[in-house]
Amino acid sequence: MNYAPETESFFKRVYAVVRQIPNGRVTSYGAIAKYLGAARSSRMVGWAMNGAGKYPDIPAHRVLNRAGVLTGKHHFPGTHLMQQLLESEGIVVINDQVADFKNLFWDPVLALGMEE
DNA sequence: CAAGTGACTCCTA
DNA sequence: TTAGGAGCCACTT
């Protein structure tokens, strides 16, 4: 990996947040980006998740887009592995979209409280 | 070195 | 209301 130290740090921050997502809850790329102070760099959060596959402790399946759609499910090994993982946590997924996403949404800014 | 791509989001018509 | 375009940062080619 040729990731610059700063980028790697950004990745770690993303992982730290994703790792703290409670079981059965989900969040969005934008929420994480906002918590990290990079609300306009939500794409980078997704890119960070791309490298999260190397970390077994990173529940990337709990990270969805702002609409609660499983946009990144194609990046998982299995075709519907992401949906299965969410369902195993009690989350209902319909048509690649999380049901009652608004209620299951976990905002790191509120949960962790902008400590940075 | 320059252009293209993407696990996104927001603004405007 | 839905649909479309621009902005964003880092990586790849």
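In what follows, every chain begins at residue 1, and chains take the letters A, B, ... in the order their sequences are listed.
- Only Thr71(A), Gly72(A), His75(A), Phe76(A), listed by number, bring a heavy atom of residues 69-85 of chain A to less than 4.0 angstrom from any atom of DNA chain B.
- Among the heavy atoms of the strands lying under 4.0 Å from Ala60(A) is at least one base atom, whether or not backbone atoms are also near.
- Nucleotide dC9(C) holds its C1' atom 11 Å from the CZ atom of Phe11(A), rounded to whole Å.
- Atom CE in Met44(A) sits about 11 Å away from atom C1' in dA7(B), given to the nearest Å.
- Rounded to an integer number of Å, the gap from Phe10(A) CZ to dC11(C) P is 11 Å.
- Atom pair Arg13(A):CZ and dA10(C):P shows a separation of 13 Å (rounding to whole Å applied).
- The two residues Phe105(A) and Arg25(A) make their nearest non-hydrogen contact at O-NH1, 3.8 Å.
- To the nearest angstrom, P of dT9(B) lies 13 Å from CE of Met49(A).
- Here salt bridge (Lys or Arg N to Asp or Glu O under 4.0 Å) pairs that include residues 76-94 of chain A, with residues two or more places apart or in two chains, are Arg62(A)-Glu89(A).
- The side-chain heavy atoms of Leu86(A) and Val26(A), taken from C-beta on, include a pair separated by under 4.5 Å.
- At least one donor-acceptor pair closer than 3.5 Å links the side chain of Tyr15(A) to the backbone N or O of Ala48(A).
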Quiz: residues 71-78 of chain A side-chain donor-acceptor pairs under 3.5 angstrom, not counting sequence neighbours:
from: Lys73(A); atom 1: NZ; to: Asp96(A); atom 2: OD1; distance (Å): 3.1
from: Lys73(A); atom 1: NZ; to: Asp96(A); atom 2: OD2; distance (Å): 3.3

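- Regarding Arg66(A), its CZ atom lies at a distance of 12 Å from the P atom of dC8(B), rounded to whole Å.
- Closest to the side chain of Asn50(A), out of dA7(B), dC8(C), dC9(C), is dA7(B).
- A side-chain donor-acceptor contact under 3.5 Å links Ser28(A) to the backbone of Ala31(A).
- Note on Arg43(A): a base of the nucleic acid sits closer than 4.0 angstrom, heavy atoms only.
- For Trp47(A), counting side-chain heavy atoms from C-beta on, the closest listed nucleotide (dA10(C), dC11(C), dC8(B)) is dC11(C).
- Put simply, CZ on Arg40(A) is 12 Å from C1' on dC11(B), counting in whole angstrom units.
- No side-chain donor-acceptor contact under 3.5 Å links Gln97(A) to the backbone of Val93(A).
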